[in-house]
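Source: prediction; values computed, not measured.
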Amino acid sequence: MNTRRWLLLSALGIGAAAATGSAVVLTRTTDHASSSAHRPAPGPSGTSGHKKAGKGTPSPSKGPHRPSGGSRRKSSGPRPGSVPVEAGLRQTYRLRPVAGEYAIGSTVLHPQIRKHAQLTLPGSGRYIALTFDDGPHPDYTPKVLSVLRTYRIQATFFVIGENAAAFPKLLHDIAAGGHVVANHSYTHPLLTSLSTAKVRQELGRTSDVIEKVLDAPPRWCRAPYGEWDARSLKVCAQLGMEPLGWSLDTNDWARPGIAKIEKAVTHGVEPGSVILQHDGGGNRAQTVRAITDYLPRLLDKGYVFVRPHT
């Protein structure tokens, strides 16, 4: 009798464990589900590839980026890997994205100190990333989000801390669309001109604002003007972030005209491109119109939009 009772209890224990394991798997699978007509295959895992972008002399004053492109080099980004279950489960502040989870990279809670920022995406597929800097802006960020929602595309928003503090609801709107909220410093200074303490203040203060609003800190960071040095890269890693640059600059900050912004993208895009545009820092009506025009064209060409994994 005792033997039969022991066997029964054992069977019940195994069944409970199996049910618990299934719940975790289903939670993670749901995170990656999609019903979009434009939805492409899931993006690659892992981050690698970088290049040194040739730039003009940046201005230390607050303002938009002014770099130019460069050539690719061998990858030294984070190695491909799976996302820890506990890391995914603790991100309860994010609503489910409208277009599913297309992510590059894996969760890195304690990233290593990089020698430079990653500028391109890994892999051989037609993966590209759309990024927006200098927001959030009360007029243009909602319009950008509306266009992205129309085409069911996810992007990465590198926010200025003082703007994020002024418009916290826009951070929620960005996250609710499944987009990544990332760090772009607090006041947009040239980090390489600051002391280590000032760099930590600029990046740390912005991370604090994002964490206060969204209940989780940012995992990606972009230096103003794309300018990093050894000290700022070390601070970036110490704050738990990976540096991300870009490989395709639309120069939309200068408002060169809708046609020129579109041409910069459609003529310059290639697999692995990280596209730089702006949703803040000035009048971005041209940017809004340009993405409205060129996003469906890129989708028709088979490009898959991905975002960093946070």
Side-chain angles (χ1 to χ4, degrees), residues 43-44 47 49-51 53 55 64-70 77 97 99 101-105 116-122 127-137 140-141 143-145 147-149 151 153-161 163-164 170-171 173-175 177-185 188 206 210 218-228 236 241-253 261-262 264-266 268-282 284 286-288 290-291 294-295 298 303-310:
T47 55
H50 60 82
K51 65 181 179 180
K55 306 179 184 295
H65 308 276
R66 297 171 175 83
S68 60
E101 303 254 353
Y102 305 123
I104 59 169
H116 33 63
Q118 176 184 327
L119 303 183
T120 58
L121 305 183
Y127 302 109
I128 58 177
L130 196 62
T131 67
F132 296 90
D133 286 12
D134 296 353
H137 190 285
Y140 302 109
T141 300
K143 292 177 181 178
V144 168
L145 290 174
V147 176
L148 297 178
R149 185 164 54 249
Y151 296 109
I153 287 172
Q154 293 175 329
T156 303
F157 289 78
F158 288 91
V159 302
I160 299 294
N163 293 343
L170 290 178
L171 291 193
D173 292 343
I174 293 170
H179 310 289
V180 171
V181 177
N183 191 322
H184 196 40
S185 81
H188 206 285
T206 302
I210 294 173
R219 296 301 179 195
W220 292 85
C221 184
R222 174 173 286 166
Y225 314 102
E227 291 290 338
W228 295 95
C236 177
M241 297 183 292
E242 289 281 357
L244 183 66
W246 62 89
S247 59
L248 198 166
D249 187 356
T250 63
N251 289 306
D252 67 326
W253 60 269
I261 296 174
E262 292 179 15
V265 175
T266 57
V269 71
E270 60 183 358
S273 289
V274 176
I275 302 170
L276 169 65
Q277 294 194 148
H278 298 78
D279 65 318
R284 301 302 171 215
Q286 291 184 4
T287 301
V288 174
I291 63 174
Y294 78 67
L295 287 180
L298 295 186
Y303 282 105
V304 180
F305 291 84
V306 299
R307 58 180 183 73
H309 215 325
T310 58

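Rounding to the nearest 0.5 Å gives a distance of 14.0 Å between CG of D134 and OH of Y140. Here the CD1 atom belonging to I291 is positioned 13.0 Å from the CD atom belonging to Q286, to the nearest 0.5 angstrom. Atom CG of L130 and atom OG of S273 lie 11.0 Å apart (nearest 0.5 Å). Atom OG1 of T206 and atom CG of N183 lie 4.5 Å apart (nearest 0.5 Å). Separation of atoms CG (L276) and OG (S247) is listed at 10.0 Å; rounding is to 0.5 Å.
The heavy-atom pair separating W220 from P243 by the smallest distance is CZ3-O, 4.3 Å. For V181 against A175, the heavy-atom pair with the smallest separation is CG2-N, 4.4 Å. Here the shortest heavy-atom pairing between A264 and T250 reads CB-CA, 4.1 Å. In plain terms, the two heavy atoms of H184 and R222 that are nearest each other are ND1-O, 2.8 Å. Nearest heavy atoms, V274 versus W246: O-CB, 3.5 Å. Pairing each heavy atom of G272 with each of I128, the nearest pair is N-CG2, 4.3 Å.
Between V159 and L170 there is no side-chain heavy-atom pair separated by less than 4.5 Å. The side-chain heavy atoms of V147 and I153, taken from C-beta on, include no pair separated by under 4.5 Å. Counting heavy atoms from C-beta outward, F132 and T141 have side chains that stay 4.5 Å or more apart. The shortest distance between side-chain heavy atoms of W253 and Q277 does not fall below 4.5 Å. Using a 4.5 Å cut-off on side-chain heavy atoms (C-beta onward), C236 and W228 make contact.
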Under the criterion side chain to side chain contact (heavy atoms under 4.5 Å, CB included), I'd like the reasoning laid out for V288 against V144: C-alpha separation, chi angles, the key distance, then a yes or no. CA-CA 6 Å; V288 174; V144 168; 4.0 Å; yes

Test L148 against F305 for side chain to side chain contact (heavy atoms under 4.5 Å, CB included), laying out the working first. CA-CA 11 Å; L148 297 178; F305 291 84; over 6 Å; no

V269/Y303 under side chain to side chain contact (heavy atoms under 4.5 Å, CB included): CA gap, chis, key distance, verdict: CA-CA 10 Å; V269 71; Y303 282 105; 3.8 Å; yes

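Counted by atom type alone, H137 and D279 present zero donor-acceptor pairs between their side chains at under 3.5 Å.
Side-chain atoms of H188 never come within 3.5 Å of backbone atoms of P224 as a donor-acceptor pair (strictly under, hydrogens ignored). A donor-acceptor pair under 3.5 Å is formed between the side chain of H179 and the backbone N or O of A155. Looking only at distances, a side-chain donor or acceptor of Q118 sits under 3.5 Å from a matching main-chain atom of T120.
Remark: T156 pairs with T131, F158, V180, A182, R307, P308 by the side chain to side chain contact (heavy atoms under 4.5 Å, CB included) rule, at least two apart or across chains.
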